[in-house]
Amino acid sequence: MPVEIQGDTRIWRRRDRAASARHFGATLAVAALVVFCAKIISDQTTWEFVGSAPLQGADLAMRMWPPRLSYLTELWGPVIDTIHIATLGTILGVMIASPLAFLAANNTTPSRALVRPVALALLVTSRSVNSIIWALMLVVIFGPGMLSGIIAIALRSVGFCGKLLYEAIEEIDAHTVEAVASTGASRLQVLTFGVIPQIAPAFAGISVYRWDINIREATVLGLVGAGGIGMALQGAIDTLAWSRVSVIFLVILGTVVLSEWVSAKARAAVI
Amino acid sequence: MSATLPSQTPRTWRRPPRIANPRTRWTLYLGATLYLIWALSSVDIDLPRLLEGLSRATEFFAAALTPDFFTRWSDIRAGILESLTMTVVATAAGIALSVPLGLGAARNLATRPVYLVCRAILAVTRAFHEIILAIMLVAMFGFGPFAGVVTLVVSTIGFLGKLIAEDIEAIQWNSVEAIDSVGASWLQKVVYAVLPQIMPRFIGLSLYRLDINFRESAVIGIVGAGGIGATLTTAFDRYEFEAVSAILILIITTVFVAEYLAGAIRRRVL
């Protein structure tokens, strides 16, 4: 701890001189970068529009209120589709992610030099591309509809589930695995009796957590044509039917809250 | 452990089922199967469209292998730079706002009314997907990066604020008491006893959020909130898959670089 002596009083400081100069320099550099970027954004902003934002917001709220609740009956189909997209997408994603996770984990990969980096790269690629972007691509290939949405959700979930899963696999207790291996078990038997029972709770927890996230993601996939309630939202926005938009928002909010509750219950049950 | 009768040889061990009650187990299996059948039957697979899609797919993958960075380079460069500036501004503002909210939403630091208000703000900011926020904010602020920045700020607050609050609730209280015992004010307690304890994770989370914000900035452009997303949708709409591939490669590369830099910063700071 650097202590500065001024006359006969000793003053405690958090950093010594050189460290505080470096710290100051770094802070200044970050601040300058932020200000520079803020300047660019501000130059591209029409400030009159921003100034009128409260007015616009109030206007929007008035158009949205009251929500046209009669529209609700047309929304059940899309909501159920959204839930199907999230569930089937999660299942498919976990199905792809599990083998990848075993290939990526340090202690179960067949080859640390060759297979592991490839599996890791696949996982990172899946995570860097947002599900909406996956959906944009898949709509081009499969056409608009649920199928594109399901695959988009799956492709995005692979990276997330795979990463958490391989970390869980790397944290398992090696003794159990050794014990099973010492009885002369085959590679597959070691996996089923030594590894899988240890990661099963984490595996279930991760899947449920991802399903919860996927419900949220599935609500907007329809904006690019990949099925679900987002398609109804797109239609309502395009026709400026704001009283319908607000109904859709309420339904989305309800679905998200419900899925959060379900996933919390399910996680408590499995972990 | 269920084993066959001891008199029988050889004895075989069978793994106990995960759900002990057979009735619950089979009901769950049946329910899951029925649900799967229902869900799968609602997927609309249009076979002719799929076959048409296959030719598109080959075209798409061929294009993915030959990314074209040059034809639309000025658009792509402008888009990426705009996304980066949006990310920096939004992350900085988001961090600045989420610290006080996080302090307020920590049960052990804030008084009950403050706690409830802050928790409510955090819950509302987390409820909606970024895209939906962006749609609303574009309607309010007009097209362009400003609406995008506000979107990212709001979702950053929801994410960081909640995690900071949870971190603060988990700190060791002794150091706060120690500082309290020398007569420190509330602010001094926060600065000298609370913040040092949450700093490492806070820096880690902020860097992680920087990364998320960049990825999100690539998406909210689809609804008109600035950034590379706008360039991306245009390229998609024109079926310019070579440009799409170039943009995706740039996004993935930036995320890789960001992850590497974040790792380097974390090692130096922590």
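Because the structure is a prediction, the values reported are computed rather than measured. In what follows, chains carry the letters A, B, and so on, assigned in the order in which the sequence lines appear, proteins first and then strands, with residues in each chain numbered from 1.
The shortest side-chain heavy-atom distance between B:E130 and A:R216 does not fall under the 4.5 Å cut-off.
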Throw together a table of side-chain donor-acceptor distances under 3.5 angstrom for residues 32-41 of chain B, partners on residues two or more places apart or in other chains.
unit_1	atom_1	unit_2	atom_2	d
B:T33	OG1	B:Y29	O	2.6
B:Y35	OH	A:H84	ND1	2.8
B:Y35	OH	A:T87	OG1	3.3
B:S41	OG	B:I37	O	3.2
B:S41	OG	B:W38	O	2.7

Anything under 3.5 Å between a donor and an acceptor, one on a side chain of residues 221-229 of chain B, the other on a protein residue two or more places apart or in another chain? List them.
none

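When all heavy atoms of A:F249 and B:F128 are compared, the pair lying nearest together is O-CE2, 3.9 Å. In this structure, B:R215 and A:R127 approach most closely via the heavy-atom pair NH1-O, 3.0 Å.
Chain B forms the most heavy-atom pairs under 4.5 Å with one residue out of A:V30, A:I141, A:V129, and that residue is A:I141. Of the listed residues (B:I135, B:I251, B:L54), the one with the most heavy-atom contacts under 4.5 Å to chain A is B:I135.
How far CG of A:D81 is from OG of B:S42: 5.5 Å, rounded to the nearest 0.5 Å. Summarising the geometry, atom NE2 belonging to B:H129 is positioned 10.0 Å from atom CD1 belonging to A:I252; distances are rounded to the nearest 0.5 Å. Distance check: A:C37 SG to B:L84 CG gives 8.0 Å after rounding to the nearest 0.5 Å. The CG atom of A:L60 sits 8.0 Å away from atom CE of B:M140, with the distance rounded to the nearest 0.5 Å. Between the NZ atom of A:K39 and the OG1 atom of B:T85 there is a distance of 12.5 Å, given to the nearest 0.5 Å.
Residues of residues 130-138 of chain A that come within less than 4.5 angstrom of chain B, heavy atom to heavy atom, are A:N130, A:I132, A:I133, A:L136, A:M137 in numerical order. Of residues 142-152 of chain B, those residues lying under 4.5 Å from chain A by any heavy-atom pair are B:G142, B:P145, B:F146, B:V149.
Using a 4.5 Å cut-off between heavy atoms, A:V34 touches chain B through backbone and side chain atoms alike. Contact annotation for B:F141: both backbone and side-chain heavy atoms come within less than 4.5 Å of a heavy atom of chain A. Only the side chain of B:L248 comes within less than 4.5 Å of a heavy atom in chain A; its backbone stays farther off. When heavy atoms are compared at a cutoff of 4.5 Å, B:A92 approaches chain A solely by way of its side chain, counted from C-beta outward. Looking at B:F214, neither its backbone nor its side chain comes within 4.5 Å of chain A, counting heavy atoms on both sides.
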Would you sort out whether A:F36 and B:V88 count as a side chain to side chain contact (heavy atoms under 4.5 Å, CB included), showing the intermediate values?
CA-CA 10 Å; A:F36 174 69; B:V88 170; over 6 Å; no

